[in-house]
Peer 1: 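After the structure tokens below, expect a handful of questions from me.
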Amino acid sequence: MSAAPHPRELLLIGGGGEMTLSVDVAVQALEQARARGLRTHVTNRADTLAATPAVTAAADTATAVDFARPGDTADWAAGRAADGERPALVFGVREMAQEAVAATAHALELPGNPPAAVRRIRTKDACRAALAAAGFRQPAVRVCRDASEARAFLAATAGPWVVKPRDGADSAGVRKVTGPDDLPAALAQLPDREAPFLVEEFVDGREFSVEGVFVGGSPRVLAVTAKEKLPPPYFVEIGHVLPADLPEETRRSVEETVTAALTALELRFGLFHVELWLTAEGIVLGEVHVRIGGGWIHRMLPHVRPGLELYGTVYDDALGLPVDLPATLPVPERAAAARYFAPPEGRVTAVTGWDAVRTHPAVLHAELRVGPGDVVPGFRSGGDRVGAVVVGAATPTEARELARELVASVRFTVEPVEPVDAVGTGDDVPEVCVDLEPRPLTSSFRISHMTIETVDHLRLRLLQGGRTVGEGEITADSGYGQDGPAIAAEAEALARTLAAACDDAHQGADGADPVAPLRAALEKAAADGVGAPARMLVEMAFLDRAARRAGVPVWRLLGLPEPGRVRLLHTVPIGEDIPLDGRPLKIKLGGADDEQILRSLLGVPAPLILDANRGWDRQDWERLRPLLAELAPAVLEDPVRDPALLPAIRAALPGTAVVLDEGIATAGDAAFAVGTAGGLNVKLMRFGGILPALDALTDATEKGAARMLGCFLEPPRAIAYAAQLAGLCDWSDLDGHFWVSDDRPVPSYGLDSDAPGIPRIAYTPEPAREEAAAI
């Protein structure tokens, strides 16, 4: 007897987020699939699955798969398909999951949007460029890496402007600026202060969005929504009205523009939500999304178009079932509106009027997530919303006014939130969030004993009120014995301990040392066996938090000299051509071709730093000694495996600084390096952060030793963190981020300390001299 066939399956990638609205959307999507006889399988991050039981309960199966790694999600789904568990369709309701949805649908040859098209609209500047190239009005925009680039854009364009994340949602970190003086505050609000960000011209006009669904690959507009936002500098939506009360000609023009734009962007599947402005010059398109709009639009649309099933329409179309949806729909005959609560900041002591609102007969949905004892944060992004009311009415005007009246009828009594006396006993305790993501290098990196192709990217954030108040970021490489998942677990545990125990509520008090409690806690962690990479990650986040509180960069908080310009070595991995651009060259040795490489360097005018990574034994040293004596390198790093050879090497090369790197990770190791070799290379990932590294460099300086500041293959934030020590060193070998990020290699860079916390790398070139040396 043959086995019964498996029912067709919907794979819902990314499930729902922890916010009530996101859970509601996901549950509706699953229920409409079940109504069609589809088995449902939800994927999401493990912690979010655990935090959204309503979503997992609505699904037949749930699996922990991180949608932030689209390739991993596609590979996982392909593996299931190979085992006979092939979904009938792939879908997602969350913004951040759309790339994984597209990649998975493409891998399984199922209906979906092209992955490249989704990546384009998820990268806001790329979407703007594509729309402008297709002839649609767009504001001028620039991707900036630091405040100096932002200031240059402001100087070249007419204001005002908007600063926003390059990839984000819920208006988080979006802020209006009217001039250069507004930039520091705007940059401090960015969710990820190390990532590139956008500065674009402010568009003066009424805001709308267009909601719709693709049928047969073509966009069908369901409604135009009018938006209401809080006044600048923030851009948080406070309400929506659907349908927008627009003249017929204007509405048709909006719909035609949006459908043409979606076609030009090569989008063809699922739902869409396109934002735009109506200006004196015409329609200016904003962001484009392949999911339903937020703000409870998913509840409003079925009310104004009775019988409409948003997700069911997508499923029917993908499965080849008939879809009764004309190419052009009439304006809905009834209306809906949503309005968010925006109570004043403070601790809530009383709420009145709520029961009358939630039982009002016109209410389609109402929620309030704060009550007496809760603290209301500032309203700066969608994540700060504390509740909403959604109503239905006969006309847009009636719906708007009713929503406003009901929200206004709820009264909040609040009191100021007093600072707590000690961290760990109040709202000052930050939430700890750690993320890990495998990241391929931009090119292979080969040294004497291995070739590196990929690293684990780790990010630790301290969150308060949903906002990042401190952040650390490193990479881990298994080739150096750095276990990414183990480091993440260690760092998270240590950060939670520090968040609950460190008394930095008093760090701003007169005469108090803001760093001493953190230093003591990290020293205890080292004594307890917590690994150096985990300590560095935690140290970064907590020092970033302390510096932001103090309103200064970390280097100033620690009393360091201003770093100034960081002049880099040019690192040349084994097997790569040696450039002759006048910069000090750091040549990786320790391979079979060392003699040939050294001979090729004879006559090179640039200072030479030769790094053998302990690749030589006594025989290698004796064979290469004549060449090394002739070359007289400025620095010889980790030449031999046997430290007993170091005195002879120093005697043979009197003008060369010999420094040790491998295995130098503690104060004792540093003292050994200074005593035996006369110099050391300090890497924060080995020492456990900037505080122990500073101690080692200070001691080396007092003893007249050679000092190099080095790094592994690390992200720009970690490199900038280390570069704050550059003023204490003879040489800076801080170019590891060029293999990890899209940053273009340069001969030198500065640190942009306009905003408090960990500075950014600033790539503004030096006049003439640096342009000539640039690679």
Side-chain angles (χ1 to χ4, degrees), residues 16 19-33 35-36 91-95 98 207-215 218-228 237 239-246 251 254-255 258-259 262 267 269-276 287-318 323-340 362-367 382 388-400 402-403:
M19 293 179 65
T20 309
L21 186 151
S22 185
V23 168
D24 197 59
V25 169
V27 169
Q28 279 197 10
L30 292 167
E31 289 175 343
Q32 291 177 22
R36 285 158 174 75
F91 190 58
V93 296
R94 298 177 67 186
E95 174 70 24
Q98 294 306 323
E207 288 196 48
F208 299 85
S209 64
V210 176
E211 330 303 335
V213 60
F214 291 92
V215 176
S218 299
R220 308 279 175 90
V221 172
L222 298 173
V224 180
T225 304
K227 294 186 178 188
E228 295 181 71
E237 293 170 5
H240 301 89
V241 180
L242 187 157
D245 193 4
L246 291 171
R251 182 184 66 83
V254 165
E255 293 183 2
V258 166
T259 55
L262 292 166
L267 299 170
F269 175 79
L271 300 162
F272 60 83
H273 170 72
V274 181
E275 299 169 351
L276 58 90
E287 294 177 12
V288 178
H289 308 275
V290 281
R291 43 90 175 162
I292 193 61
W296 300 97
I297 288 174
H298 74 288
R299 290 264 186 162
M300 298 162 68
L301 272 171
H303 175 77
V304 303
R305 293 201 179 278
L308 173 68
E309 288 189 317
L310 285 169
Y311 317 106
T313 301
V314 176
Y315 306 154
D316 290 343
D317 183 54
V323 175
D324 184 18
L325 202 63
T328 302
L329 281 76
V331 177
E333 295 183 357
R334 54 184 184 175
R339 186 100 181 153
Y340 287 101
V363 169
L364 305 175
H365 173 80
E367 65 168 4
V389 175
V390 186
V391 301
T395 68
T397 300
E398 291 174 2
R400 178 190 297 109
L402 178 58

Peer 1: Quick one: CD on Glu31 to CD on Glu309, what's the gap to the nearest 0.5 Å?
Peer 2: 10.0 Å

Peer 1: As an exercise, state the distance from CD of Glu207 to CD of Glu228, rounded to the nearest 0.5 Å.
Peer 2: 11.5 Å

Peer 1: Which atom names give the shortest non-hydrogen contact between Ala336 and Leu364, and what distance separates them?
Peer 2: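 Smallest interatomic distance, heavy atoms only, reads CB-CD1, 4.4 Å.
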
Peer 1: Report yes or no: does Arg220 contribute a side-chain atom to a donor-acceptor pair with the main-chain N or O of Leu325 at less than 3.5 Å?
Peer 2: yes

Peer 1: Donor-acceptor pair, distance only, cut-off 3.5 Å: does the side chain of Gln32 make one with the backbone of Tyr311?
Peer 2: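 Yes, because the side chain of Gln32 sits within donor-acceptor range (under 3.5 Å) of the backbone of Tyr311.
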
Peer 1: Which pair of non-hydrogen atoms, one from Arg305 and one from Leu222, has the smallest distance, and what is that distance?
Peer 2: NE-O, 2.7 Å

Peer 1: Go through the steps for Leu21 and His298 under the test side-chain contact (heavy atoms from CB on, under 4.5 Å), then give the verdict.
Peer 2: CA-CA 9 Å; Leu21 186 151; His298 74 288; 4.2 Å; yes

Peer 1: If you compare all heavy atoms of Phe269 against all heavy atoms of Ala318, which two are closest, and at what distance to 0.1 Å?
Peer 2: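 In this case the closest contact between Phe269 and Ala318 is CE1-CB, 4.0 Å.
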
Peer 1: Nearest 0.5 angstrom please: Phe208 CZ to Lys227 NZ, how far?
Peer 2: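 It is 11.0 Å, given to the nearest 0.5 Å.
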
Peer 1: I'd like to know whether Val363 forms a side-chain contact (heavy atoms from CB on, under 4.5 Å) with Val389, so could you lay out the CA-CA distance, the side-chain angles of the two residues, the decisive distance to 0.1 Å, and finally the verdict.
Peer 2: CA-CA 7 Å; Val363 169; Val389 175; 4.2 Å; yes

Peer 1: Measuring from Ile297:CD1 to His273:NE2, what's the distance to the nearest 0.5 Å?
Peer 2: 5.5 Å

Peer 1: Is there a side-chain contact between Phe214 and Leu267 (heavy atoms, below 4.5 Å)?
Peer 2: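 A side-chain contact under 4.5 Å exists here.
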
Peer 1: So, do Val93 and Ile292 sit near enough that their side-chain heavy atoms are less than 4.5 Å apart?
Peer 2: no

Peer 1: So Arg299 and Asp24, salt bridge (Lys or Arg N to Asp or Glu O under 4.0 Å) or not? Walk me through it.
Peer 2: CA-CA 9 Å; Arg299 290 264 186 162; Asp24 197 59; 2.8 Å; yes

Peer 1: Is any side-chain heavy atom of Gln28 closer than 4.5 Å to one of Val25?
Peer 2: no

Peer 1: Enter the distance from Thr225:OG1 to Leu301:CG here, rounded to the nearest 0.5 Å.
Peer 2: 6.5 Å

Peer 1: Considering all heavy atoms of both residues, which atom of His303 and which atom of Ala335 are nearest to each other, and what is their separation?
Peer 2: CD2-O, 3.4 Å

Peer 1: Using a 3.5 Å distance criterion without hydrogens, assess whether the side chain of Gln98 forms a donor-acceptor pair with backbone atoms of Gly92.
Peer 2: yes

Peer 1: For the atom pair CG (Leu310) and CG (Leu271), what is the distance rounded to the nearest 0.5 Å?
Peer 2: 5.5 Å

Peer 1: Quick check: closest heavy atoms across Glu211 and Leu242, and the distance to 0.1 Å?
Peer 2: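 That would be CG-CD1, 4.5 Å.
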
Peer 1: Over all heavy atoms of both residues, which pair between Ala388 and Trp296 is shortest? Give the atoms and the distance, please.
Peer 2: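 Shortest heavy-atom separation between Ala388 and Trp296 comes out as CB-NE1, 3.8 Å.
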
